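To start, the structure under review is shown below, and the notes come after it.
All figures in this text were calculated on a predicted structure; none of them were measured in a lab. In what follows, chains are A, B, ... by sequence order, proteins preceding strands, each numbered from 1.
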Amino acid sequence: MASLDPPPPSAPAPATGADPLAGLRLALAEAAAELHGAPATVELRLDRPKRPEFGDFSSNAPLLLAAGLDEQPRAVAERLGEALGRRLGPDLDRHEVAGPGFVNLFLSDRFWRSALSAVAEAGRNFGSGVAGTDAERMLVEFVSANPTGPLTVAAARHAAYGDSLCRILAFAGHAVEREYYVNDAGGQIRRFGESLAARARGQAPPEDGYHGAYVGELAARIAGAAKLDPDELAARGIELMLETVRATLERFRVHFDRFFSERSLHSGGAIERALELLSDGEHVYASEGATWLRTSVLGDDKDRVLRRSSGELTYFAADVAYHADKLSRGPDRVIDVLGADHHGHVARMQAAWQALGGAPDGLELLIMQLVNLTEGGRRVAMSKREGEFVTLDELIDDIGLDAARWFLLQRSHDTTLDLDLALAREQTQENPVYYVQYAHARIAAILRRAGEERLGAAARAELAAGGAPLHASERALVRSLLEFPAEIVTSAVRRAPHRLTAYALELAQGFSAFYRDCRVVGAEEEGGDEAFRIALSRSVQATLARCLDLLGVEAPESM
RNA sequence: GCCCCCGUAGCUCAGUGGAUAGAGCACGCGCCUCCUAAGCGCGGUGUCGCAGGUUCGACUCCUGCCGGGGGCGCCA
């Protein structure tokens, strides 16, 4: 059952002006307070039942209030229903007490008309700013794939997820910065340079180097490569590789505000400064010739090395300095989207963050599970060093940009994703993404058919004033629309873009049912309300377009 | 051994305490004198991995177990 609850106090609250359900929620809260004699402390739910006989909306409030009132739940439901009836007046058709103590609400056309009117008025902004006064300054790091090769499908999932998450957070009202951490230092960069050097001289890369064909192509693009040493080659190679990576990301509709270089932390002395900062707090100690960070007292299972006995700084030391930098920029929240292979990193980074003086919940480390690519049931292997992988560019060329984004976003980030290329490719006729796009395009066609004059009349019409009785499909479609703000809240708070794919599909299905049952242009001929139906179609179109935009998928005017 | 994720329909998966657990795909049948048939309607399957516990109520929360995937470097 879909929940339409106001979020808990810690979460962003819907901006009441933007949410047509606010009046309903307020009535429920007031009615409950009336019974209780004081505002209810329990969380009152306003649910949208799947079964029509359980009403348009339903609340379990009586079950929750019964204990405090020392009364039977059904008796409480009876009184709550009456109190609600007095408050909602003509917006409520009737209420019923059902089951163990639910109160089910059946709303009148008047309610649906004024609700749609509010949605139509919000227009393109419907559902925005739901974070309200809980809006935060957020710094989100994602992808951060090593610049030693092209972006793979694993990176593609990170890119789609991180980008959509940022779009949703921003739409909800947060100030979001997007950042890509470039691992352009350390042992793998040395091996990358050596591999380039070998290819430039026409030799095979070292055993532990990079063997992909792109390494040779890269070497060929560097002027005088054969005469350069591995360090210079690595630097030039990374530069070129990053250009490619950026171009691929932009093609995938993923934009970063900043690419942050690990190397700059070394050369700029930021790591040394971070280590000093931590030494002052007595978090750092020397042992066995190495320098350690005492992460074990902050939740990690062992302490971690910052500087090796060889004198070299570890990757972890650089990451600590990077997070010190993030912290110093003063965001309310830092989010790192990490691969499943980095989960061992979580505890030590959290510990380091707190050692640096960060608030425990100021750093959020999200772990992204793997993508398995299959091709007609056969697993496609992915390894950069072996050079055997499917790149993001190849994926886009293969199944299409919109399908790629949709498929990668369809599942929760913390579950392994199986993507069958053969299926994604062949499915194009029945693909959910095209279904949603089709609904959008179909509405565009209807609105074109309606023409300027009718659209203008609909925009000026007083929808709430009443008119022809509404069809069940019209009411159901308005109800789906009304769920959108809560859906944005949930997607944002739970960092769950995949919810919007499900919502978009549901809204598109609701429109198809409406389209089947109700003629829009010329509605009066069948006893319908043309202005209402045009406004409804426009609102659904705008909301579908918004969903698709948040998912990074195109919303076509025709197909 | 320890840690993380997962186990729901034939397949891929939604569903973080509410009523008879859903979608897409796949399969079958039917539907274009009507705003896009990339569409619509009808047809069915579930020991929600197993066992306990908490609760008026558990797919959902807790404990243990079983199964699958991933991770546990002075690599990055």
Side-chain angles (χ1 to χ4, degrees), chain A residues 1-3 45 47 49-51 53-54 58-60 63-64 66-67 72-73 98-102 104 146 148 183 185-189 191 208 262 287-292 301-302 304-319 339-347 367-370 372 374 407 410-420 423 426-439 441-450 490 494 496 498-499 501-503 505-506 508-509 512-513 515-523 526 533 537 558-559:
Chain A
M1 184 173 293
S3 170
R45 301 175 57 94
D47 285 315
K50 286 198 223 32
R51 304 171 59 81
E53 59 268 36
F54 292 159
S58 140
S59 179
N60 65 346
L63 286 160
L64 299 173
Q72 290 302 312
F102 295 99
N104 298 335
N146 291 333
T148 52
N183 299 130
Q188 62 174 359
I189 300 305
R191 286 192 292 277
D208 63 351
E262 178 186 358
S287 174
E288 303 167 53
T291 305
W292 300 71
D301 52 7
K302 55 181 274 196
R304 304 291 166 175
V305 172
L306 294 165
R307 191 193 305 278
R308 296 175 197 133
S309 46
S310 67
E312 272 183 299
L313 292 160
T314 61
Y315 168 83
F316 180 53
D319 214 9
D341 55 342
H342 278 64
H343 114 261
H345 203 62
V346 170
I367 298 298
M368 177 86 81
Q369 293 300 320
L370 304 179
N372 292 324
T374 57
F407 268 80
Q410 216 173 358
R411 308 303 178 204
S412 168
H413 70 92
D414 59 10
T415 192
T416 308
L417 174 69
D418 281 332
L419 205 173
D420 190 327
L423 198 63
E426 288 166 14
Q427 245 180 11
T428 52
Q429 302 296 315
E430 304 295 333
N431 205 315
V433 65
Y434 300 121
Y435 179 91
V436 173
Q437 288 185 321
Y438 181 77
R442 189 183 237 176
I443 296 171
I446 293 171
L447 297 179
R448 279 194 298 273
R449 162 75 62 123
T490 309
R494 305 227 295 247
H498 76 277
R499 290 191 137 261
T501 63
Y503 175 77
L505 203 53
E506 185 199 305
Q509 282 168 335
S512 290
Y515 175 82
R516 177 195 64 220
D517 296 333
C518 304
R519 166 159 283 276
V520 176
V521 180
E526 57 172 45
R533 289 180 182 177
S537 299
S558 66
M559 285 177 78

Does [X] contact [N] through a side-chain donor or acceptor facing the base, at a distance under 3.5 Å?
X: A/Asn104; N: B/A19; answer: yes
X: A/Ser412; N: B/A14; answer: no
X: A/Ser309; N: B/C74; answer: yes

If I take atom [atom1] in residue [X] and atom [atom2] in nucleotide [N], what distance separates them, rounded to the nearest angstrom?
X: A/Ile189; N: B/A76; atom1: CD1; atom2: C1'; answer: 9 Å
X: A/Ile446; N: B/C34; atom1: CD1; atom2: P; answer: 15 Å
X: A/Arg519; N: B/C32; atom1: CZ; atom2: C1'; answer: 13 Å
X: A/His342; N: B/C3; atom1: NE2; atom2: C1'; answer: 16 Å
X: A/Arg45; N: B/U60; atom1: CZ; atom2: P; answer: 15 Å
X: A/Phe102; N: B/A19; atom1: CZ; atom2: P; answer: 6 Å
X: A/Tyr438; N: B/A38; atom1: OH; atom2: P; answer: 5 Å

Give [X] one of three labels, base, sugar-phosphate or nothing, depending on what nucleic acid heavy atoms sit under 4.0 Å from its own.
X: A/Phe316; answer: nothing
X: A/Ala98; answer: base
X: A/Glu288; answer: base
X: A/His498; answer: sugar-phosphate
X: A/Ala441; answer: base

Every protein N/O within reach of nucleotides 41-43 of chain B N/O, cut-off under 3.5 Å:
unit_1, atom_1, unit_2, atom_2, d
B/G41, OP1, A/Arg516, NH1, 2.9

Any side-chain heavy-atom pair from [X] and [Y] closer than 4.5 angstrom?
X: A/Phe102; Y: A/Asp47; result: no
X: A/Gln369; Y: A/Leu417; result: no
X: A/Tyr315; Y: A/Asn183; result: yes

Are A/Arg304 and A/Asp301 ion-paired here, with the side-chain N under 4.0 Å from a carboxylate O?
->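 Salt bridge between A/Arg304 and A/Asp301, a charged N being under 4.0 Å from a carboxylate O: yes.
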
Assign each of A/Asn60 and A/Val521 the nucleotide of RNA chain B bearing its closest heavy atom; nearer the 5' end lies the nucleotide of A/Asn60

Mapping A/Arg411 and A/Leu63 to their closest nucleotides on RNA chain B, which lands nearer the 5' end?
->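 First, find each residue's nearest nucleotide; the 5'-ward one identifies A/Arg411.
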
Euclidean distance for P, B/G22 against B/G67 (whole angstrom) = 32 Å

In Watson-Crick or G-U wobble terms, both distances under 3.5 Å, what is the partner of B/G39?
->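 Partner of B/G39: B/C31.
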
Syn/anti label of B/C32 as read from its glycosidic torsion, with the cut at 90° from 0 = syn

Find every protein N or O atom lying less than 3.5 Å from an N or O atom of nucleotides 20-22 of chain B, and list the pairs.
unit_1, atom_1, unit_2, atom_2, d
B/U20, O2, A/Arg51, NH1, 3.1
B/U20, N3, A/Arg51, NH1, 2.9
B/U20, N3, A/Arg51, NH2, 2.5
B/U20, O4, A/Arg51, NH2, 2.4

Could you tell me whether the side-chain ring of A/Tyr435 sits stacked on the base of B/A38, using a centroid cut-off under 5.5 Å and a plane angle under 30°?
->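 The ring of A/Tyr435 is not stacked on B/A38.
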
Is there a donor in the side chain of A/Asn146 and an acceptor in the side chain of A/Gln188, or the other way round, less than 3.5 Å apart?
-> yes

What orientation do A/His345 and A/Phe316 show, parallel under 30°, tilted 30 to 60°, or perpendicular over 60°?
->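 Rings of A/His345 and A/Phe316: perpendicular, over 60°.
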
Listing time: all N or O pairs from protein to nucleotides 4-6 of chain B that are below 3.5 Å?
unit_1, atom_1, unit_2, atom_2, d
B/C4, O4', A/His343, NE2, 3.3
B/C5, O4', A/Gln369, NE2, 3.4
B/C5, O3', A/Asp414, O, 3.3
B/C5, O2', A/Asp414, O, 2.2

